[in-house]
Amino acid sequence: VQLQASGGGSVQALGSLRLVCSVTGERLEKFTMLWYRQTPGKEREFVAAISWNAHSTYYSDSVKGRMTISRENRKNEQYLWMNSLDPDDTAVYYCAARRGFGGTSAALVEFWGQGTQVTVSS
């Protein structure tokens with residue numbers, strides 16, 4: 001299973017971005033899909049997750065209300081819609097996949113994408 005994240009870039013505060021994660025090698029509906037982010041010197045931080053059928057989602061408190069996770073199983077893609085971006089959102093964003101639902105620990109992730117940089121300037 002391979003995950004490819006794209007859509008990162010540089011934006012000003014309060015701007016928006018959409019991240020895309022394309023999955024190959026397996027059907028997307030087998031997995032819970034997630035997004036994490038990481039800044040230098042810090043641990044990888046959970047951002048959002050979505051169940052295999054998109055019926056359930058959950059978010060970290062720091063992004064709730066500003067970011068939306070979604071997926072299109074027929075396209076084998078998941079998305080992170082990022083609004084009202086803040087400089088504190090600056091990080092490398094990673095898409096991830098796992099079986100089962102619940103829990104935010106990065107240790108539960110089975111497959112990782114390569115990361116895409118998001119930079120928010122004030």
Side-chain angles (χ1 to χ4, degrees):
V1 179
Q2 292 190 324
L3 285 68
Q4 178 77 35
S6 61
S10 298
V11 295
Q12 291 191 326
L14 301 180
S16 299
L17 283 173
R18 184 188 73 154
L19 304 185
V20 181
C21 177
S22 300
V23 178
T24 57
E26 188 56 90
R27 295 185 319 176
L28 194 68
E29 56 261 36
K30 290 193 173 184
F31 302 107
T32 291
M33 298 301 296
L34 311 99
W35 290 95
Y36 288 78
R37 65 187 183 186
Q38 190 169 25
T39 53
K42 293 189 176 182
E43 292 188 357
R44 200 162 290 189
E45 173 193 17
F46 169 78
V47 175
I50 185 167
S51 62
W52 72 273
N53 56 6
H55 287 181
S56 297
T57 59
Y58 56 98
Y59 300 88
S60 68
D61 288 342
S62 61
V63 308
K64 197 176 298 182
R66 300 187 299 115
M67 297 189 187
T68 302
I69 190 171
S70 65
R71 63 192 292 161
E72 286 199 46
N73 288 345
R74 61 184 177 88
K75 290 186 177 181
N76 256 37
E77 291 182 344
Q78 71 149 345
Y79 312 97
L80 185 67
W81 306 80
M82 311 166 71
N83 299 309
S84 300
L85 283 163
D86 182 90
D88 286 343
D89 295 317
T90 295
V92 176
Y93 283 73
Y94 295 90
C95 64
R98 54 167 285 208
R99 282 166 278 233
F101 189 72
T104 62
S105 171
L108 297 172
V109 171
E110 296 178 67
F111 304 102
W112 291 100
Q114 87 290 359
T116 184
Q117 176 71 46
V118 172
T119 302
V120 185
S121 58
S122 57

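Numbers here are sequence positions counted from 1.
- Counting heavy atoms from C-beta on, the side chains of Asn73 and Lys75 never come closer than 4.5 Å.
- Looking at every heavy atom in both residues, Val11 comes nearest to Ser16 through CG1-O, 4.0 Å.
- Under the 4.5 Å side-chain heavy-atom criterion for ILVMFWY residues, no single connected hydrophobic cluster contains both Tyr79 and Leu85.
- Linking Ile, Leu, Val, Met, Phe, Trp and Tyr whenever their side-chain heavy atoms come within less than 4.5 Å puts Ile50 and Phe111 in one cluster.
- Side-chain contact between Glu110 and Val1 is absent, with no heavy-atom pair separated by less than 4.5 Å.
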Practice prompt. Go through the steps to decide whether Gln117 and Thr119 satisfy the test side-chain contact (heavy atoms from CB on, under 4.5 Å), and finish with yes or no.
Written response: CA-CA 6 Å; Gln117 176 71 46; Thr119 302; 3.3 Å; yes
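- For the pair Leu34 and Gln78, the tightest heavy-atom approach, listed with the atom from each and the gap, is O-NE2, 2.9 Å.
- Looking at Glu77 and Arg71, no side-chain N of the basic residue comes within less than 4.0 Å of a carboxylate O on the acidic one, giving no salt bridge.
- Aromatic pair Tyr36/Tyr94: centroids not less than 6.0 angstrom apart.
- For Phe31 and Phe101, the ring centers sit 6.0 Å or farther from each other.
- Rounding to the nearest 0.5 Å places CD of Glu45 at 4.5 Å from OG of Ser62.
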Discussion item. Apply side-chain contact (heavy atoms from CB on, under 4.5 Å) to residues Val23 and Gln4 and explain how you reach the verdict.
Written reply: CA-CA 6 Å; Val23 178; Gln4 178 77 35; over 6 Å; no
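- Between Lys64 and Tyr59, the shortest heavy-atom distance links the atoms CE-O, 3.8 Å.
- Under the 4.5 Å side-chain heavy-atom criterion for grouping Ile, Leu, Val, Met, Phe, Trp and Tyr, Tyr58 is not connected to Leu108 through any hydrophobic cluster.
- If you take CG on Leu28 and SG on Cys21, they are separated by 8.0 Å, rounding to the nearest 0.5 Å.
- Of all the heavy atoms in Ser121 and Pro87, the pair that sits closest is C-CG, 4.3 Å.
- In the model, Trp52 has no side-chain atom that pairs as donor or acceptor with a side-chain atom of Thr32 under 3.5 Å.
- Of the possible polar contacts, none joining the Thr116 side chain to the Ser6 backbone as a donor-acceptor pair under 3.5 Å is found.
- Gln38 places a side-chain N or O within 3.5 Å of a backbone atom of Lys42 that can act as its donor or acceptor partner.
- Here the shortest heavy-atom pairing between Ala48 and Leu80 reads CB-CD1, 4.3 Å.
- Panel note: side chain Asn83, backbone Met67; no donor-acceptor pair is recorded below 3.5 Å.
- Following chains of ILVMFWY side-chain contacts shorter than 4.5 Å, one cannot reach Met33 starting from Phe46, and the two form parts of different hydrophobic clusters.
- Judged by the 6.0 Å and 45° rule, Arg44 forms a cation-pi pair with Trp112.
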Worksheet entry | side-chain contact (heavy atoms from CB on, under 4.5 Å) between Val118 and Leu19, intermediate numbers included | CA-CA 9 Å; Val118 172; Leu19 304 185; 4.1 Å; yes
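- Taking each heavy atom of Leu3 and Gln114 in turn, the nearest pair found is O-OE1, 3.7 Å.
- Within the 3.5 Å criterion, the main-chain N or O of Val120 finds no donor-acceptor partner in the side chain of Asp88.
- Contact check for Glu29 versus Asn53: no side-chain heavy atoms found under the 4.5 Å cut-off.
- A salt bridge links Arg37 with Asp89: the distance from a Lys NZ or Arg NE/NH1/NH2 to an Asp or Glu carboxylate oxygen falls below 4.0 Å.
- Heavy atoms of other residues, nucleotides or ligands lying less than 6.0 angstrom from CD of Gln2 number 12 at most.
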